[in-house]
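Input: a single structure, listed below in structure tokens.
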Amino acid sequence: MSELTPELREKITEARNWVQSELDASIKFWLEHGMDKENGGVYTCLDREGNVYSTDKSVWMQGRCAWTFSHLCRLYGKKQEWMDAAKSCLDFLEDHCINHEAGDRLYFTVTAEGKPLRQRRYCFSEGFYAIANAEYYGLTSEPVYLERARRAYHLIYNLNNGLIEDPTGLGPKTIAETRSGRALGDPMIFLNIVGIMRRVDPANKEEYDQHSKECCDQIINYHYHPELGCTLESVNMQGEPELWYTAGRVVNPGHDIECSWFMMDEANYRGDAELHKTAESIFRLAIEAGWDKEYGGLLYFIDAKGLPPEAYEHDMKLWWPHNETMIAASKAYKDTGDEYYLDWFFKTIDYCKEHFADPEFGEWYGYLRRDGLPTMPPTKGSTFKGPFHVPRALSMTERTLAEILGE
């Protein structure tokens, strides 16, 4: 990367300062309003000011919150309040969120006290449980957390690859004899899990290297279709697009952009320039097809053929795709020096400043209409939004910008 001009250095420094202030506000918001001091764990259904509007708890968010505060300790040094928040969520997961009668699969939602409410077929609860325990192990070196992470890791791998029957008995979404396929989320999320596991558990590096290669191969060989100008969420078992029905044409630009930086990290780990180029291509296709040219911001879903998407929320602007764009664009610029990525980074944070950030109460709105106004009444959290994407993006971006600045 060429030396920064004084003007560009100043612009990047200003962006970093804003990112740091937003990170501080996000952390403060969740610690003050989200942590359940009575039952343990975290509430994530919070309104604009931080009031709890539903006491049901997302199991995803217990794992994500534990990972986030452990991750912050790794980046910025251990703080007792962060360690306590992570431990509270880890303990709540262990005590209440594991369905021991169904092969230690995790629930999807539980009550405030931890009574089970819902089980789902996909294994993202297990994934966030794994990275939470792994990251906390990286801080404490207490073997029990690595043992838990490894157990969940292997359960996910076996489920994703059809090596075991799902112990929940839920089965696939569609009648398998009529239609079966592959979902981008499986190798994509597992690739991120592998990277975290490998960092804290180098003793099992060979296993992680093999699994990360499998994930990248599945993404590229099955889901990445540059001839269609996109990366598809769903394909058949052979990786062939099925474009005659709506689900077969779904493109989630935010997912693709998140996938791109997972792959960039893997490419950097391997020293694989070709893999990095493919990751960059996934980013470019997604951002250029998904950016709303009329109102700005990244559309939630688009159709690979430009036909009507089925999801009602397809033209909304959600927080997390913009978070992923911040991470991916800043990483791509750091790695390549190509100002194409820096331009997208600035374009994205300008949109986030104007539409997602809330200087009055802190944290970001989760759900915007297509025109950029928050849904009414505005929310800061939900079953799917908690202390994860915003602080992850802000902390990772702050660190990347610091590297770019040479600090």
Side-chain angles (χ1 to χ4, degrees), residues 58-71 73-74 86-87 89-108 119-168 170 182-219 222 255 258-259 261-263 265-266 269-270 388 392:
S58 163
V59 175
W60 287 18
M61 289 304 150
Q62 307 310 308
R64 284 175 159 184
C65 181
W67 178 85
T68 294
F69 283 105
S70 299
H71 159 79
C73 287
R74 179 173 68 87
K87 183 68 161 51
C89 290
L90 286 169
D91 289 346
F92 189 85
L93 280 168
E94 208 63 32
D95 293 342
H96 304 293
C97 300
I98 302 173
N99 185 348
H100 296 292
E101 296 179 1
D104 288 346
R105 291 293 312 271
L106 272 75
Y107 297 112
F108 176 68
Q119 183 94 51
R120 297 193 77 167
R121 55 176 54 80
Y122 48 58
C123 47
F124 298 138
S125 290
E126 291 80 5
F128 304 129
Y129 170 91
I131 64 172
N133 278 282
E135 201 70 72
Y136 195 77
Y137 166 75
L139 297 173
T140 65
S141 299
E142 295 180 35
V144 64
Y145 296 105
L146 181 58
E147 291 165 8
R148 292 171 181 175
R150 290 275 294 169
R151 187 168 60 246
Y153 177 88
H154 287 120
L155 176 59
I156 300 162
Y157 183 82
N158 290 335
L159 288 167
N160 281 357
N161 291 280
L163 301 177
I164 59 172
E165 291 290 328
D166 184 350
T168 67
L170 290 172
R182 299 176 179 273
L184 174 62
D186 291 340
M188 172 194 141
I189 295 298
F190 199 65
L191 178 60
N192 181 236
I193 296 169
V194 172
I196 294 168
M197 295 290 295
R198 181 169 55 201
R199 172 166 47 77
V200 304
D201 182 29
N204 288 295
K205 172 183 175 297
E206 287 187 13
E207 178 185 30
Y208 299 133
D209 287 353
Q210 177 58 39
H211 289 172
S212 64
K213 183 180 185 304
E214 291 172 10
C215 290
C216 289
D217 289 348
Q218 289 169 16
I219 292 164
Y222 298 136
H255 238 188
E258 184 177 16
C259 184
W261 72 260
F262 293 166
M263 292 174 68
D265 282 358
E266 181 64 21
Y269 168 78
R270 291 192 212 171
F388 182 64
R392 178 174 77 166

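- Checked against side chain to side chain contact (heavy atoms under 4.5 Å, CB included), E94 has the following partners two or more places apart in sequence or in another chain: I98, Y129, R148, R151.
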Candidate pair N133 and L146, rule side-chain contact (heavy atoms from CB on, under 4.5 Å), full reasoning
CA-CA 6 Å; N133 278 282; L146 181 58; over 6 Å; no
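- Between L155 and I164, the closest side-chain pair of non-hydrogen atoms falls below 4.5 Å.
- Between the side chain of S125 and the backbone N or O of Y107 there is at least one donor-acceptor pair closer than 3.5 Å.
- Atom CZ of R64 is separated from atom OG of S58 by 7.5 Å, given to the nearest 0.5 angstrom.
- Between D217 and K213 a salt bridge is recorded (basic side-chain N to carboxylate O distance below 4.0 Å).
- Within the 6.0 Å centre-distance limit, the rings of Y153 and H211 are counted as a close aromatic pair.
- A perpendicular orientation is assigned to the rings of Y145 and Y136, their planes being inclined by more than 60° (bins at 30° and 60°).
- Side chains of L93 and L106 form a contact here, defined as non-hydrogen atoms less than 4.5 Å apart.
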Run the numbers on C97 and F92 for side-chain contact (heavy atoms from CB on, under 4.5 Å), then give the verdict.
CA-CA 7 Å; C97 300; F92 189 85; 3.8 Å; yes
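- For E142, the CD atom sits in a packed shell: over 12 heavy atoms of surrounding residues, nucleotides or ligands are nearer than 6.0 Å.
- With contacts defined as side-chain heavy-atom distances shorter than 4.5 Å, the pair R120/W60 does not qualify.
- Between the side chain of D166 and the backbone N or O of T168 there is at least one donor-acceptor pair closer than 3.5 Å.
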Go through the steps to decide whether Q218 and N161 satisfy the test side-chain contact (heavy atoms from CB on, under 4.5 Å), and finish with yes or no.
CA-CA 11 Å; Q218 289 169 16; N161 291 280; 3.9 Å; yes
Q210 vs E206, test: side-chain hydrogen bond (donor to acceptor under 3.5 Å, both in side chains). Steps then yes/no.
CA-CA 6 Å; Q210 177 58 39; E206 287 187 13; over 6 Å; no
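- When side chains are defined from C-beta on, M61 does not count as touching C65, because their heavy atoms never get closer than 4.5 Å.
- At least one donor-acceptor pair closer than 3.5 Å links the side chain of R105 to the backbone N or O of R121.
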When the side chains of residues 189-203 are checked against the rest of the protein, which donor-acceptor pairs come out under 3.5 Å, sequence neighbours left out?
unit_1 : atom_1 : unit_2 : atom_2 : d
R198   : NH1    : D209   : OD1    : 2.8
R198   : NH1    : S212   : OG     : 3.4
R198   : NH2    : E266   : OE1    : 2.6
R199   : NH1    : E135   : OE2    : 2.9
R199   : NH2    : E135   : OE1    : 2.9
R199   : NH2    : E135   : OE2    : 3.4
D201   : OD1    : N204   : ND2    : 3.4
D201   : OD2    : N204   : ND2    : 2.8
D201   : OD2    : Y208   : OH     : 2.6

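- Residues T68 and F388 meet the side-chain proximity criterion, which asks for heavy atoms closer than 4.5 Å.
- Applying the ring-ring contact (aromatic ring centres under 6.0 Å, His included) rule to W261 yields no partners; only residues at least two apart in sequence or on another chain are considered.
- If you take CG on L184 and SG on C259, they are separated by 5.0 Å, rounding to the nearest 0.5 Å.
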Given the rule in the side-chain contact (heavy atoms from CB on, under 4.5 Å) test, do F108 and V59 qualify, once you have shown the distances and angles that lead to the verdict?
CA-CA 5 Å; F108 176 68; V59 175; 5.7 Å; no
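- Looking at E207 and Y157, their side chains never bring a donor and an acceptor atom within 3.5 Å of each other.
- Residues A132 and G63 approach most closely at CB-O, 3.2 Å, considering heavy atoms.
- The OG atom of S70 sits 10.0 Å away from the CD1 atom of I131 when rounded to the nearest 0.5 Å.
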Go through the steps for H100 and D104 under the test side-chain hydrogen bond (donor to acceptor under 3.5 Å, both in side chains), then give the verdict.
CA-CA 4 Å; H100 296 292; D104 288 346; 2.9 Å; yes
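- In this structure, OG1 in T140 is found 9.5 Å from NZ in K87, a value given to the nearest 0.5 Å.
- Using the six-membered ring where Trp is involved, F124 and F128 have ring planes that are tilted, between 30° and 60° apart.
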